[in-house]
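Presented below is the structure to which this report refers.
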Amino acid sequence: MPLDIAIAQFRPSKGDLDATLDACAATILRAVEGERRPRLVVFPETALTGYFLEGGVREQAMAAPELLEALNARVGGEADGVDIAIGFYERDERGIYNSALYATLGPGGGILHVHRKVFLATYGVFQEERFVEAGAGVRAFDGPPGRIALLICEDGFHSISGTLAALDGASIILILSASPARGAAPGAGVPGNLVRWDALASAIAAEHGVFVVVSQLVGFEGGKGFAGGSAAYDPRGHRLLAGPLWEEALLPVRVDLDEAARARTEEPLFSDLERSWTRLLVNSPGSGVRRPAPEDE
């Protein structure tokens with residue numbers, strides 16, 4: 001069945017939770033009032049606060065149930081049954097995380113999954129390891145639209161993340177990103193980081209036969225610019241749409257989940273991976289997995 005998704009290329013009010021929650025709710029309501037009511041609205045990484053909070057992370061972090069309650073209170077009943085994926089700084093009893101919440105809005109909904117960023121960017125202008133804890137792993141989950149996995153920004157730069165998500169059954173991978181604009185090759189017309197994102201997301205989709213949706217933050221923080229350029233890719237790696245640069249946007253995209261199965265049948269890269277995965281792990285020294293001793297077999 002077709003699945004309607006709205007990608008919310010979003011600019012938060014940095015450090016103002018109430019204003020940003022109001023804007024998130026308004027974006028969700030605008031999406032559901034559109035020509036095609038989406039089943040899922042996807043916001044970027046740290047959509048709730050902005051990315052470069054550094055020492056302010058602890059003050060702005062929220063518990064996942066608190067975030068869902070705040071959004072439900074603002075959207076009322078108009079978005080009942082709509083799913084959201086949204087990036088935020090998460091607080092729980094064990095620490096602070098750069099997280100992505102997936103939940104269904106309304107009284108019949110609730111939290112379906114929270115992904116915590118595994119690969120924390122700590123180089124150049126990025127200092128995540130100073131302020132947040134790393135997530136433990138990547139897994140897929142069953143949502144109303146199908147089996148889904150969440151990744152956050154640098155998670156998507158490591159091919160193992162998409163592989164683990166697909167091996168856990170995901171047919172849709174949502175990548176929530178806050179990627180500052182960096183460089184531009186002559187004639188490219190877009191920042192160099194978006195050229196790289198296009199190659200990365202297309203490769204994840206084509207290798208694993210999955211849909212990939214990338215939602216990008218937009219705006220400026222402390223002299224650093226987030227260019228937007230959100231995008232979606234089909235299971236053959238073809239780009240379905242690209243968002244505008246330097247401005248907020250609500251981007252509708254319709255995907256046919258049966259297309260993932262067709263793509264995997266026509267080009268069985270993923271089935272080859274499934275057959276070879278365990279053998280590769282135990283026979284490749286770099287995996288760190290010990291091959292069973294003869295007496296263990």
Side-chain angles (χ1 to χ4, degrees), residues 5 7 40 42-47 51 85-90 97-102 112-123 126 128-129 132-143 145-180 193-217 229-237 239 255 260 263-264 269-274 276-278 280-281 284 286-289:
I5 299 172
I7 306 173
L40 168 62
V42 185
F43 287 87
E45 177 184 16
T46 64
Y51 177 79
I86 185 167
F88 71 115
Y89 286 115
E90 180 198 8
Y97 302 88
N98 183 345
S99 296
L101 168 73
Y102 190 103
L112 295 177
H113 185 61
V114 176
H115 171 71
R116 293 168 172 171
K117 189 173 183 179
V118 176
F119 295 99
L120 299 179
T122 308
Y123 49 85
F126 307 105
E128 287 191 73
E129 287 185 1
V132 297
E133 304 295 325
V138 173
R139 67 179 180 88
F141 61 96
D142 292 317
R147 194 152 175 84
I148 301 167
L150 302 175
L151 302 178
I152 302 175
C153 208
E154 192 185 319
D155 291 344
F157 276 59
H158 299 271
S159 58
I160 190 67
S161 302
T163 296
L164 291 170
L167 286 169
D168 200 25
S171 56
I172 307 170
I173 297 177
L174 308 178
I175 304 178
L176 285 58
S177 176
S179 181
N193 64 305
L194 294 183
V195 174
R196 187 172 184 189
W197 267 113
D198 187 55
L200 287 168
S202 174
I204 290 171
E207 179 182 354
H208 303 104
V210 297
F211 287 95
V212 174
V213 173
V214 183
S215 182
Q216 295 278 11
L217 204 71
S230 303
Y233 302 82
D234 73 12
R236 294 173 176 82
R239 189 172 61 202
V255 303
R264 288 179 176 184
L269 294 176
F270 181 69
S271 60
D272 291 345
L273 173 65
E274 285 184 304
S276 302
W277 177 249
T278 302
L280 279 169
L281 288 179
S284 302
S287 72
V289 176

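Under the 30°/60° scheme for interplanar angles, the aromatic rings of Tyr123 and Phe126 are found to stand perpendicular. Aromatic ring orientation, Phe270 versus His208: perpendicular (interplanar angle above 60°, classes split at 30° and 60°).
Listed here is the closest heavy atom pair of Ala134 and Val118: CB-O, 3.7 Å. Shortest non-hydrogen contact noted between Leu151 and Gly162 is CD1-N, 4.3 Å. Here the closest heavy-atom approach between residue Ile7 and residue Ser230 is recorded as CG2-CB, 3.8 Å. In terms of heavy atoms, Leu101 sits closest to Val114 at CD1-CG2, 3.9 Å. When all heavy atoms are compared, the tightest approach of Ala140 to Ala149 is CA-CB, 4.2 Å. Looking at every heavy atom in both residues, Pro235 comes nearest to Ala260 through CG-CA, 3.7 Å.
In this structure, Leu164 CG and Ile173 CD1 are separated by 9.5 Å, a value rounded to the nearest 0.5 Å. Remark: Ser287 OG to Trp277 CH2 distance equals 8.5 Å, nearest 0.5 Å. To the nearest 0.5 angstrom, Leu176 atom CG is 8.5 Å from Ile86 atom CD1. One distance of note links OG of Ser179 with CZ of Arg196; it measures 9.5 Å at 0.5 Å rounding. For the atom pair CD1 of Ile204 and CD1 of Ile175, the computed distance is 4.0 Å after rounding to the nearest 0.5 Å.
Between the Ser99 side chain and the Phe88 main chain, no donor and acceptor come within less than 3.5 Å of each other. A distance-only check finds no donor-acceptor pair linking the side chain of Arg239 to the backbone of Ala201 [under 3.5 Å]. With hydrogens and angles disregarded, no donor-acceptor distance shorter than 3.5 Å links the side chain of Glu90 to the backbone of Tyr97. With Asn98 contributing its side chain and Lys117 its backbone, the two residues share no donor-acceptor pair below 3.5 Å. A donor-acceptor contact shorter than 3.5 Å links the side chain of Ser161 to the backbone of Asp155. For the pair Thr122 (side chain) and Glu129 (backbone), a donor-acceptor distance under 3.5 Å is present. Within the 3.5 Å criterion, the main-chain N or O of Arg139 finds no donor-acceptor partner in the side chain of Asp168.
Of the N and O atoms on the side chains of Asp198 and Tyr233, at least one donor lies less than 3.5 Å from an acceptor on the other residue.
Remark: aromatic rings of Tyr102 and Phe141 are close, center separation under 6.0 Å.
Looking only at side-chain heavy atoms (C-beta outward), Leu217 and Glu45 stay at 4.5 Å or farther from each other. Considering only heavy atoms from C-beta on, Leu40 comes within 4.5 Å of Leu174 through its side chain. Considering only heavy atoms from C-beta on, Phe157 comes within 4.5 Å of Leu200 through its side chain. At least one side-chain heavy atom of Phe211 sits under 4.5 Å from a side-chain heavy atom of Asp234. You'll find the side chain of Tyr51 stays beyond 4.5 Å of the side chain of Ser177, heavy atoms only. In this structure, the side chains of Glu154 and Leu120 stay at 4.5 Å or more apart for every pair of heavy atoms. The side-chain heavy atoms of Pro44 and Gln216, taken from C-beta on, include no pair separated by under 4.5 Å. No side-chain heavy atom of Arg116 sits under 4.5 Å from any side-chain heavy atom of Glu133.
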